[in-house]
Asks: 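The structure follows.
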Amino acid sequence: MERGLLIVLSGPSGVGKGTVRKHLFEHYNNDFDYSISMTTRKQRAGEKEGVDYYFRTREEFEDLIENNGLLEYAEYVGNYYGTPLQYVQETLDSGRDVFLEIEVQGALKVRKQMKEDGIFIFLSPPDLGELESRLIGRGTDSVEMIQKRIQKAVQELKLIQYYDYVVENNSVDQAAQKVRHIIESEHLKVHRNLRHFTEIIEEME
Ligand SMILES: Nc1ncnc2c1ncn2[C@@H]1O[C@H](COP(=O)(O)OP(=O)(O)OP(=O)(O)O)[C@@H](O)[C@H]1O
Ligand SMILES: Nc1nc2c(ncn2[C@@H]2O[C@H](COP(=O)(O)O)[C@@H](O)[C@H]2O)c(=O)[nH]1
């Protein structure tokens, strides 16, 4: 069985990663599963345990780090965020693709581990002013927290070069369509290559 692909959607906080991901899952039949992250951040109103995140204490999170239970993790504006390893491994091994929605430091850690494997997509904002407006409009963070996230975004935008694709999120529907096309075309490439290898190997027998 062919192993699934790891799809990483990353970019600054507030750019619309979650919105684009939800649109993708709601409007299209996809062959990928979403990996729910773990965090030590406080649960926001409306967020559900095991749906939006697995909410954990710092001690629980640090235990998991020590026991190599995470594919990657990062400390981001005062809280830990990480990807549970077992779910990702089991899903990829079962032949299904896994979709991660994570910040830039974590994405680069995954990129380093996976070398040539994985699809790394950076979702970029039209500009920093619009990013700030989206964070304000979301209404989940204090003025101080929004400023910290914008400062992070300035650093993160300089790392765009380490991604395979950049998608600007002007319209949610168009951004989701672009992400979907990228995944489809990468999928074709990988599977075509594997079929090609199978033929070569069979000819050698
Ligand atoms: N294309 C868009 N145009 C206008 N507003 C948008 C667009 N995409 C997302 N938004 C809005 O921007 C806000 C931030 O979006 P969202 O929470 O999806 O960002 P995020 O990148 O997932 O943030 P975080 O990384 O902090 O989880 C939301 O209020 C969302 O409705
Ligand atoms: N490195 C990781 N980053 C993650 C993960 N899950 C979410 N995130 C990113 O953290 C920031 C802040 O999220 P918020 O929910 O507090 O707004 C944002 O960019 C998320 O994409 C993860 O598992 N690893």
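These numbers come from the heavy atoms of this one structure, side chains and all, not from hydrogens, waters or symmetry mates. Numbering of ligands and ligand atoms starts at 1, following listing order.
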Asks: Could you tell me the residue and atom name of the protein heavy atom closest to atom 10 (N) of ligand 1, and the distance to it rounded to 0.1 Å?
Replies: Arg134 CD, 3.9 Å
Asks: Only heavy atoms count here, so choose which of Arg149, Glu103, Arg138, Gln174 is nearest to atom 27 (O) of ligand 1.
Replies: Arg138
Asks: Near ligand 2, which residues have a heavy atom under 4.0 Å away from one of its atoms?
Replies: Lys17, Ser37, Arg41, Arg44, Tyr53, Glu72, Ala74, Tyr76, Tyr81, Gly82, Thr83, Glu101, Ile102, Glu103, Gly106, Arg138, Arg149
Asks: Give me each pair satisfying salt bridge (Lys or Arg N to Asp or Glu O under 4.0 Å) with a member in residues 63-76, each pair once, sequence neighbours excluded.
Replies: Arg58-Glu75
Asks: Output the distance between atom CZ (Arg138) and atom OG1 (Thr19), rounded to the nearest 0.5 Å.
Replies: 8.0 Å
Asks: Would one find an N or O of Asn169, backbone or side chain, under 3.5 Å from an N or O of ligand 1?
Replies: yes
Asks: What protein heavy atom is closest to atom 14 (C) of ligand 1, reported as residue, atom name and distance in Å?
Replies: Gly14 O, 3.5 Å
Asks: Hey, is Leu123 touching ligand 1 through its side chain, its backbone, both or neither, going by heavy atoms under 4.0 Å?
Replies: neither
Asks: Under a 4.0 Å heavy-atom limit, does Ala175 contact ligand 1 with its side chain, its backbone, both, or neither?
Replies: neither
Asks: So which heavy atom in the protein is nearest atom 19 (O) of ligand 1, and how far is it from that ligand atom?
Replies: Gly16 N, 3.1 Å
Asks: Under 3.5 Å, is there a donor on one side chain and an acceptor on the other for Glu132 and Gln147?
Replies: yes
Asks: Specify the protein heavy atom at minimum distance from atom 26 (O) of ligand 1: its residue, its atom name, and the distance to 0.1 Å.
Replies: Ser13 OG, 2.6 Å
Asks: Tell me, with the steps shown, if Tyr81 and Ile102 meet side chain to side chain contact (heavy atoms under 4.5 Å, CB included).
Replies: CA-CA 8 Å; Tyr81 296 82; Ile102 62 179; over 6 Å; no
Asks: Which ligand 1 atoms are under 4.0 Å away from a heavy-atom of Asn170?
Replies: 1 (N), 2 (C), 3 (N)
Asks: Could you identify the single nearest non-hydrogen protein atom to atom 22 (O) of ligand 1 and state the distance to 0.1 Å?
Replies: Gly18 N, 2.8 Å
Asks: Looking at Tyr76, I'd like to know if the NZ or CZ of Lys148 sits under 6.0 Å from its six-membered ring centre while staying within 45 degrees of the ring's axis.
Replies: no
Asks: With rounding to the nearest 0.5 angstrom, report the CG to OG distance, Asp97 to Ser35.
Replies: 13.0 Å
Asks: Who passes salt bridge (charged side-chain N to carboxylate O under 4.0 Å, His left out) against Glu130, sequence neighbours left out?
Replies: Arg134
Asks: Before signing off on this row, confirm whether Lys17 and ligand 1 have an N or O atom pair separated by under 3.5 Å.
Replies: yes
Asks: Name the residue from Leu157, Val15, Val167, Leu159 that meets the side chain to side chain contact (heavy atoms under 4.5 Å, CB included) definition with Phe122.
Replies: Leu157
Asks: Tell me, which protein residue and heavy-atom name are nearest atom 30 (C) of ligand 1, and how many Å apart are they?
Replies: Thr19 OG1, 3.6 Å
Asks: Is there a heavy atom in Glu101 that sits closer than 4.0 Å to ligand 1?
Replies: yes
Asks: Is the closest heavy atom of Gly11 to ligand 1 under 4.0 Å?
Replies: no
Asks: Which residues pass the salt bridge (charged side-chain N to carboxylate O under 4.0 Å, His left out) test with Glu49, sequence neighbours left out?
Replies: Arg56
Asks: Evaluate side-chain hydrogen bond (donor to acceptor under 3.5 Å, both in side chains) for Tyr34 paired with Arg21, printing each intermediate quantity in order.
Replies: CA-CA 9 Å; Tyr34 175 58; Arg21 186 248 309 164; 3.3 Å; yes
Asks: Any ion pair linking Asp164 and Arg111 (charged N to carboxylate O, less than 4.0 Å)?
Replies: yes
